[in-house]
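For reference, the structure is listed below as C-alpha cells.
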2 protein chains.
Amino acid sequence: MLGKDYEAQDCSLARALEVIGERWTLLILRDAFFGVRRFNDFHVHLDIPKAVLSDRLSGLVEDGILEREPDPEHAGRHLYELTAAGRDLWPALHALLVWGDHHRAPNSRVFKHASCGTPLDDHGDCATCGMTPAPQDILTEPHRGRRALRHDPVATVLRAPHRLLEPIET
Amino acid sequence: MLGKDYEAQDCSLARALEVIGERWTLLILRDAFFGVRRFNDFHVHLDIPKAVLSDRLSGLVEDGILEREPDPEHAGRHLYELTAAGRDLWPALHALLVWGDHHRAPNSRVFKHASCGTPLDDHGDCATCGMTPAPQDILTEPHRGRRALRHDPVATVLRAPHRLLEPIET
DNA sequence: ACCGTGGGTTCACTGATTGAACTCGTCTGC
DNA sequence: GCAGACGAGTTCAATCAGTGAACCCACGGT
C-alpha cells in the first residue's frame with residue numbers, strides 16, 4: 001500500500017494496517033504461516049519483485065512480526081520466522097481466507113484440527129473439541145479436486161498436507 | 001494497495017485482498033460499519049483525497065461490498081451501505097482491530113453485545129450468551145479516559161455509544 | 001440572481017512498484 | 001583450485017498509483 005501510515009486515524013485498525021496493509025505483506029505472512037522461511041522460497045512462490053520482497057521482509061522484521069536469523073545449514077543465508085506477535089495475526093488472516101473462500105474462490109484450501117482431523121468452522125473453531133486451535137495445531141491442504149495453477153517447487157511442496165508453521169523443505 | 005490484483009496466486013486470500021487490500025479500503029469499511037454512509041462524512045473523517053475516495057467507493061460498489069442508493073432526503077445525493085457480502089467482512093475487520101489493540105494501540109475502542117452489555121472477547125464472542133453477535137447486535141464506544149485526536153463532526157458523533165451499521169446523523 | 005454545500009472530476013506532482021541487470025559470497029562438480 | 005550455479009540482495013529507469021489543489025455542476029436557501 002502506498003504511503004504506509006495513517007497517523008491521523010486514532011484507531012487500532014489504522015495501526016494494524018500500518019504493519020500489514022502494504023501490498024504483498026499479507027501474502028508473505030500467509031506463506032510464513034504455511035512454513036516458508038527463505039528469501040528465495042518467498043520469491044519463487046509469490047512472483048514478487050525482489051526489491052519489494054526485500055523491503056517488506058525488513059519492514060516486518062522491524063515491526064516485530066518476523067524474526068531474521070542465520071540459517072544453521074547454509075552460511076550467509078537467513079531464515080525468516082514468525083514472532084509471537086506475527087503468529088497472533090492468524091485469526092485475522094484466517095477470517096480473510098474464509099471471506100475469500102465464501103465470496104470469491106470457493107473451496108480453495110482446507111484447515112483441520114491436527115489432533116482430531118475435524119475441519120475448522122468459519123470461526124476457526126474445532127466443533128469436535130470445542131476449542132480454537134493455535135496455528136501450530138492446524139493441518140492444511142488444498143481442497144481435493146482442485147487443479148493446480150502454480151508449478152514452482154514451493155507450490156508443489158505446499159500441496160502436501162502439513163501443519164502450519166512447520167518449516168517446508170524444498 | 002498498489003496494483004490491485006494478484007492473479008498468479010491461486011488462493012482465496014489473494015482474491016480477498018483484491019477487494020479490500022488497497023490503501024484506505026479497510027478504513028472506509030470500518031467507517032461503514034460504524035454507520036457512515038455519505039461521501040462527505042467519509043471524506044471529513046478519513047482525510048482521504050476525494051479522488052481516491054471516489055475511486056474506492058465505486059470499486060467497492062462494483063465488487064458488491066457496498067451498495068450506492070439515492071438519498072431519500074437529498075435529491076442528487078447518495079448513500080453507501082454495506083451489502084451482505086460487505087457485512088461478512090466484520091470478523092476479519094474485528095480480528096485486525098483486536099490485533100492492533102493488543103500490539104499497537106491498547107484500549108482504543110470497546111465492543112459490547114447490545115442485548116446483554118457484555119464486552120466481546122478477542123474472538124468476537126459474548127461470553128455471557130455463548131454466541132457470536134452479528135454486527136447489528138454490537139454496541140461500540142471509545143474506551144473511557146481516552147483523549148480524542150480528531151475533532152471533525154463525524155468523529156464527534158462516533159464518540160457516542162451506538163450500534164454498528166446504525167446510520168449516524170451529522 | 002447569488003451563495004454555500006455536497007459530491008464529484010481533472011491535473012500536475014510526488015512517491016511506490018516493477019522487472020531487468022548487476023553484485024557478492026557460498027557451494028558443487030570436476 | 002577453479003568455473004559455474006545459486007541464494008540473497010541492491011540499483012536503476014520506466015511505469016503506475018496516491019495526493020491535494022483547483023475546478024465543475026446540481027440543489028437549496030435568501
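Numbered from 1 within each chain, the chains take letters A, B, ... in sequence-line order. Note that the coordinates shown come from a computational prediction; the quantities given were computed from them, not determined experimentally. Basis for what follows: all heavy atoms, side chains included, without hydrogens, waters or symmetry-related copies.
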Roughly how far, to the nearest 0.5 Å, is CG of B:Leu158 from CG of B:Asp31?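 So the CG of B:Asp31 and the CG of B:Leu158 are separated by 6.5 Å.
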Stacked cation flag A:Arg109 on A:Phe34, 6.0 angstrom / 45 deg: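 A:Arg109 over A:Phe34 ring: yes.
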Could you state the [atom1]-[atom2] distance from [X] to [N], rounded to the nearest angstrom?
X	N	atom1	atom2	answer
B:Arg56	C:dG8	CZ	C1'	16 Å
A:Asp152	D:dG7	CG	P	13 Å
B:Lys50	D:dC24	NZ	P	14 Å
A:Glu69	D:dA8	CD	P	14 Å
A:His78	C:dG25	NE2	P	14 Å
B:Ile48	C:dG8	CD1	P	13 Å
A:Arg23	D:dG18	CZ	P	11 Å
B:His74	C:dT5	NE2	P	14 Å

Please check the phosphate of [N] (OP1 and OP2 only) for any side-chain N or O of [X] closer than 4.0 Å.
X	N	answer
B:Tyr80	C:dG8	yes
B:Arg77	D:dA26	no
B:Ser54	C:dG8	no
A:Trp24	C:dT17	no

Side-chain ion pair, A:Glu141 and A:Arg159, N-O less than 4.0 Å: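 Salt bridge: no.
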Just one of B:Trp99, B:Phe111, B:Phe33 clears the ring-ring contact (aromatic ring centres under 6.0 Å, His included) bar with B:His94, so which one?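 For B:His94, the ring-ring contact (aromatic ring centres under 6.0 Å, His included) check succeeds only for B:Phe111.
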Want to settle it: does A:Val52 or B:Arg68 sit nearer the 5' end of DNA chain C, counting the closest nucleotide to each?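 The 5'-side residue here is B:Arg68.
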Comparing B:Asn40 and A:Glu73 on DNA chain C - which has the more 5′ nearest nucleotide: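 That would be B:Asn40.
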Over all strands shown, is B:Phe42 touching base, sugar-phosphate only, or nothing at heavy-atom distances under 4.0 angstrom?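 B:Phe42: no heavy atom of the nucleic acid under 4.0 Å.
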Checking all strands, does B:Ala51 fall into the base, sugar-phosphate, or nothing category for heavy-atom contacts under 4.0 angstrom?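 Base, at least one base atom sits under 4.0 Å.
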More than 12 heavy atoms of other groups within 6.0 Å of B:Glu69 CD: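 Counting other residues, nucleotides and ligands, CD of B:Glu69 exceeds 12 neighbours.
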